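Only a predicted model underlies this, so the values are computations on that prediction, with no experimental measurement involved.
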Amino acid sequence: NVSTSGSYGDISVLGIPVVTEQDLGSEDLEEITLSLDTSTFGIKANYQLLDGFGIPVLFRWNGISLGTGFIANTFNVNAKLENLMSLLAGDSEEESTFDVSSFKVGAEFAINNSTYTIPFEASTGIQVLSVLTLTAGAGIDLTFGTSSVEFTTIYEDPDALVAKVIDEIINQALIESGTGINFPYSNPGNINLINPRLMAGVGLGIGPAVVDFTVGYYIFSGTTFGINFVLRI
């Protein structure tokens with residue numbers, strides 16, 4: 001959890017400016033609480049399709065191996081603004097028949113993703129002097145799951161009329177900003193993706209210890225990098 005303080009620039013939510021440059025440690029913004037929850041679990045299996053061959057110690061082709069598995073990933077982000085009304089009221093000197101700043105209302109922004117991936121891949125490689133290993137391969141990932149984005153208000157003392165008026169104020173701000181979305185905002189959806197990829201790697205080994213540096217290029221989502229440490233027993 002993180003509480004904000006100090007001087008910041010403009011702040012926007014869903015592309016809408018809600019705070020101009022000011023001191024966020026003032027009464028205009030009491031506290032923003034952030035939370036992040038992420039986890040990954042997976043298993044993988046390999047099958048040696050073609051055996052390798054070579055000259056002991058000097059050079060070896062590692063053959064061709066096929067791999068598959070299952071990877072589950074969750075990614076949840078939650079941000080809570082304790083005092084939304086002071087931001088909506090701002091420092092305007094115009095008279096209003098409805099003083100929103102007198103109500104204790106917060107806002108919550110949440111992103112929740114759960115994905116499941118089944119990878120299929122084929123790889124090969126060469127080993128030089130039993131120290132340096134070069135690998136290359138190609139594969140495809142089948143990914144499915146759910147994803148949602150929500151932006152809602154939080155009321156300390158719920159009141160149907162007050163809630164309706166405040167939500168309508170925020171909704172009008174969204175409409176006037178040209179975002180094309182309504183408030184409260186909710187966008188649940190399903191994830192179904194077939195993502196081809198190319199892989200390459202360099203491994204350095206001394207005795208039973210091996211460090212692998214890998215790079216992968218996904219056709220639809222860009223480049224990834226990784227470092228693996230393996231201890232062979």
Review item, side-chain donor-acceptor pairs of residues 65-72, under 3.5 Å, at least two apart:
unit_1 : atom_1 : unit_2 : atom_2 : d
S65    : OG     : S123   : OG     : 3.1
T68    : OG1    : P119   : O      : 2.9

(message) Whether the side chain of E150 engages the backbone of N112 through a donor-acceptor N/O pair (distance < 3.5 Å, no angle test) should be reported.
(response) no
(message) A side-chain contact here means heavy atoms from C-beta on lying under 4.5 Å apart; do I55 and R60 qualify?
(response) no
(request) Would you please name every residue forming a ring pair (Phe, Tyr, Trp, His ring centres under 6.0 Å) with Y116, sequence neighbours left out? (result) F144
(message) Grouping I, L, V, M, F, W and Y whenever their side-chain heavy atoms are under 4.5 Å apart, do I43 and I118 come out in a common cluster?
(response) yes
(message) Quick check: is M199 connected to Y47 through a chain of hydrophobic side chains (ILVMFWY, heavy atoms under 4.5 Å apart)?
(response) no
(request) Could you list the residues that satisfy salt bridge (Lys or Arg N to Asp or Glu O under 4.0 Å) with R197, not counting sequence neighbours? (result) E121, D141
(message) Show the nearest heavy-atom pair for residues S148 and N113, with the distance to one decimal.
(response) N-OD1, 4.0 Å
(request) Using side-chain contact (heavy atoms from CB on, under 4.5 Å) as the criterion, list what pairs up with F229, not counting sequence neighbours. (result) A209, V211, L231
(request) For D37, enumerate each residue passing the side-chain contact (heavy atoms from CB on, under 4.5 Å) test, keeping only those at least two apart in sequence or located in another chain. (result) N76
Only pairs under 3.5 Å count here: list side-chain donor-acceptor contacts from residues 124-131, not counting sequence neighbours, and write none if there are none.
unit_1 : atom_1 : unit_2 : atom_2 : d
T124   : OG1    : W61    : NE1    : 2.8
T124   : OG1    : G63    : O      : 2.7

(request) Please go through I206's hydrophobic cluster and name the other residues, only I, L, V, M, F, W, Y counting, with side-chain heavy atoms under 4.5 Å joining them. (result) none
(request) Report whether I194 and Y218 are members of the same hydrophobic cluster (ILVMFWY, side-chain heavy atoms less than 4.5 Å apart, transitive linking). (result) no
(message) Quick one, I111 and F109 - any side-chain contact, counting heavy atoms below 4.5 Å?
(response) yes
(message) Could you tell me if T143 and T117 have a donor-acceptor pair between their side chains, going purely by distance under 3.5 Å?
(response) yes
(request) Please list all pairs passing the salt bridge (charged side-chain N to carboxylate O under 4.0 Å, His left out) test where one or both residues lie in residues 198-208, with sequence neighbours left out. (result) none
(request) For residues 123-138, pull every pair meeting salt bridge (charged side-chain N to carboxylate O under 4.0 Å, His left out), keeping only residues two or more places apart or in separate chains. (result) none
(message) Using 0.5 Å steps for rounding, measure from the OG1 atom of T214 to the CD1 atom of I227.
(response) 8.5 Å
(message) Restricting to non-hydrogen atoms, name the atom on A138 and the atom on L198 that form the minimum distance, rounded to 0.1 Å.
(response) CB-CD2, 4.0 Å
(message) Does any part of the side chain of L132, heavy atoms only, come nearer than 4.5 Å to the side chain of V202, both counted from C-beta?
(response) yes
(request) Might you work through the side chain to side chain donor-acceptor pair (under 3.5 Å) test for N73 and T40, ending with a clear yes or no? (result) CA-CA 4 Å; N73 178 266; T40 301; 2.7 Å; yes
(request) Measure the spacing between OG of S114 and CD1 of I191 and express it to the nearest 0.5 Å. (result) 8.5 Å
(request) Any pair with a residue in residues 64-75 that passes salt bridge (charged side-chain N to carboxylate O under 4.0 Å, His left out), sequence neighbours left out, goes on the list, sorted by first then second residue, please. (result) none
(message) Quick one, N46 and K44 - any side-chain contact, counting heavy atoms below 4.5 Å?
(response) yes
(request) Report yes if the side chains of F120 and L142 come closer than 4.5 Å at any heavy-atom pair, otherwise no. (result) yes
(message) Can you list everything that forms a side-chain contact (heavy atoms from CB on, under 4.5 Å) with S39? Sequence neighbours excluded, please.
(response) T74
(message) For F220, is there any backbone N or O sitting under 3.5 Å from a side-chain donor or acceptor partner on N195?
(response) yes
(message) Can you give me the closest heavy-atom contact between Q48 and N62, atom names plus distance?
(response) NE2-O, 3.0 Å
(message) Do T115 and F75 have side chains that approach each other closer than 4.5 Å (heavy atoms only, starting at C-beta)?
(response) no
(request) Considering only Ile, Leu, Val, Met, Phe, Trp and Tyr, and joining two whenever side-chain heavy atoms are under 4.5 Å apart, list the other residues clustered with V210. (result) V230
(message) In the structure I gave you, are the side-chain heavy atoms of T223 and F225 within less than 4.5 Å of one another anywhere?
(response) yes
